[in-house]
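Each remark here refers to the structure printed beneath this line.
Note on naming: letters A, B, ... go to the chains in the order of the sequence lines (proteins, then strands), and numbering restarts at 1 for each one.
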There are 2 protein chains.
Amino acid sequence: MSAKRLHLITTAFELFYQKGVHAVGINEILSESGVAKKTLYHHFAGKDELVLAVLEYRDQRFCHWLQGSLDAATSVTDKIDALFDALDDWFNDRVDALRPFHGCFFINVSGEYSAPDHPIHLQCTRHKINVAMLLREQFEALGMASSLGSRLTDDLCLLKEGAITLAYVQGDCNAALKAKDTATRLVAAVL
Amino acid sequence: MSAKRLHLITTAFELFYQKGVHAVGINEILSESGVAKKTLYHHFAGKDELVLAVLEYRDQRFCHWLQGSLDAATSVTDKIDALFDALDDWFNDRVDALRPFHGCFFINVSGEYSAPDHPIHLQCTRHKINVAMLLREQFEALGMASSLGSRLTDDLCLLKEGAITLAYVQGDCNAALKAKDTATRLVAAVL
DNA sequence: ACAAAAGTAGACAAGTCGGTCTACCTCTTT
DNA sequence: AAAGAGGTAGACCGACTTGTCTACTTTTGT
């Protein structure tokens with residue numbers, strides 16, 4: 001991967017994440033990154049392809065961070081605690097790789113591309129599926145029954161998305177810990 | 001309220017909801033509604049004020065619909081079922097007043113205005129608080145203890161936001177019924 | 001060493017953005 | 001009858017939009 005290409009992606013991500021995709025022009029990305037316009041159009045066919053590359057970049061960064069946050073936990077309840085503690089770190093800007101928190105980039109971007117079959121919306125969908133898969137694999141690695149792991153993953157995804165929205169739209173910086181409490185009560189009966 | 005003003009608001013809402021605020025220009029709203037530009041700037045000081053008016057309009061419509069969906073239920077479990085059945089109707093375009101479903105308008109818009117103190121972001125925050133208040137009042141009207149009602153409301157809001165995101169970003173049209181199942185398991189221990 | 005690839009600055013095109021303004025028309029109220 | 005509010009159409013403004021292009025320089029691999 002070319003250094004210029006990566007620089008364009010990281011600069012574009014920061015601007016898109018803060019202001020939204022449609023509110024950021026190509027020229028702003030160019031002047032902010034110090035890259036020439038010709039170089040951008042050498043690497044990307046157009047703005048949409050840059051957006052797609054930015055989504056892929058963020059997906060990898062996010063999943064890598066989340067996996068690292070969960071790997072150490074060795075029991076189901078520890079995994080659940082680790083998940084919401086990680087979210088709490090994210091919401092409160094204690095994660096360098098994700099800072100500053102402006103909600104979920106993929107939720108924000110899909111709000112600007114509502115057509116479900118649009119490539120950009122599809123990329124957002126894929127990210128959410130990736131995160132769910134990552135969680136399911138964590139429970140499978142613990143030897144959890146497949147049906148139980150699937151339901152637990154569904155429940156946790158529901159609470160995770162809810163916590164993100166509460167934290168971002170309502171500015172509730174304790175949303176992750178509240179969701180952790182809810183998750184704990186939810187699994188108390190099963191486990 | 002002037003008929004022209006209302007017409008501008010409803011037209012702007014449909015376009016904003018489908019394409020996002022920044023992707024829709026004043027001229028598009030004008031040509032779609034058939035209203036003159038001078039008339040728009042007679043009623044609104046600028047685009048931001050129109051956006052604010054649209055948010056207020058949608059908040060009232062949404063809360064009115066939700067309240068109507070919950071009023072008939074006479075027990076806590078019935079209220080919970082009614083909430084997620086209502087969401088299921090919304091997600092699957094069975095509610096004329098809200099159709100077509102493109103996620104939560106307030107989540108989408110706040111994704112375009114990340115600054116927490118921006119008037120538009122604040123209006124989105126206010127909507128989420130309004131919905132939470134509406135839920136809490138439903139349980140209070142049933143004579144539920146205040147602390148219990150508060151925690152139940154928090155849990156349900158978490159699941160509701162999660163279901164909206166799953167339904168919109170992942171295109172999971174069964175998200176509301178899944179969340180209903182999760183909510184049922186969650187309260188089974190308490191009630 | 002040399003050719004190809006990747007980079008630079010920035011002019012330019014064609015169109016859209018939010019917003020202002022003139023000139024005129026049509027209601028409603030006193 | 002008169003007057004003011006609310007409406008129409010659309011020209012116009014300066015700034016910005018994505019994207020193309022020329023002419024030139026730097027970096028990289030063989």
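A close approach under 4.0 Å does occur between a side-chain nitrogen or oxygen of B:Lys47 and OP1 or OP2 of C:dG18. Contact check, A:Ser2 against C:dA6: no side-chain N or O comes under 4.0 Å of OP1 or OP2.
Regarding B:Leu40, its CG atom lies at a distance of 11 Å from the P atom of C:dT20, rounded to whole Å. One can place CG of B:Asn27 at 13 Å from P of D:dA9, the figure rounded to the nearest angstrom. One atom, CG of B:Leu30, and another, P of C:dG18, lie 10 Å apart when rounded to the nearest Å. With rounding to whole Å, A:Leu8 atom CG is found 9 Å from C:dG7 atom P. Atom CG in B:Leu50 sits about 10 Å away from atom P in C:dG19, given to the nearest Å. Distance, B:Lys19 NZ to C:dT16 C1': 13 Å, rounded to whole Å. For the pair B:Phe44 CZ and D:dG6 C1', the interatomic distance rounds to 14 Å; values are reported in whole Å. Rounding to whole angstrom units, OH of residue A:Tyr41 and P of D:dT22 are separated by 17 Å.
In summary, A:Arg185 and B:Asp155 engage in a salt bridge, as defined by a charged side-chain N under 4.0 Å from a carboxylate O. In this structure, A:Arg126 does not pair ionically with A:Asp59, as no charged nitrogen and carboxylate oxygen lie closer than 4.0 Å.
Checked by atom type, the side-chain pair B:Lys79/B:Gln138 shows a donor-acceptor distance below 3.5 Å. Remark: the B:Asn108 side chain and the A:Glu112 side chain contain no N/O donor-acceptor pair separated by less than 3.5 Å.
Both A:Lys37 and A:His42 lie near DNA chain C, and the one whose nearest nucleotide falls closer to the 5' end is A:His42. With the nearest nucleotide of DNA chain D identified for both B:Gly34 and A:Gly46, B:Gly34 has the one nearer the 5' end. The residue among B:Lys38 and A:Asp48 whose nearest nucleotide of DNA chain D lies closer to the 5′ end is B:Lys38.
Using a 4.0 Å heavy-atom cutoff across all strands shown, B:His43 reaches sugar-phosphate atoms only and no base atom.
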Practice problem: Show the numbers, then the answer: is there a ring pair (Phe, Tyr, Trp, His ring centres under 6.0 Å) between A:Tyr168 and A:Phe91? | Solution: CA-CA 8 Å; A:Tyr168 179 59; A:Phe91 297 167; over 10 Å; no
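Out of D:dT18, D:dT8, C:dG18, the shortest distance to the side chain of B:Ile26 is found at C:dG18.
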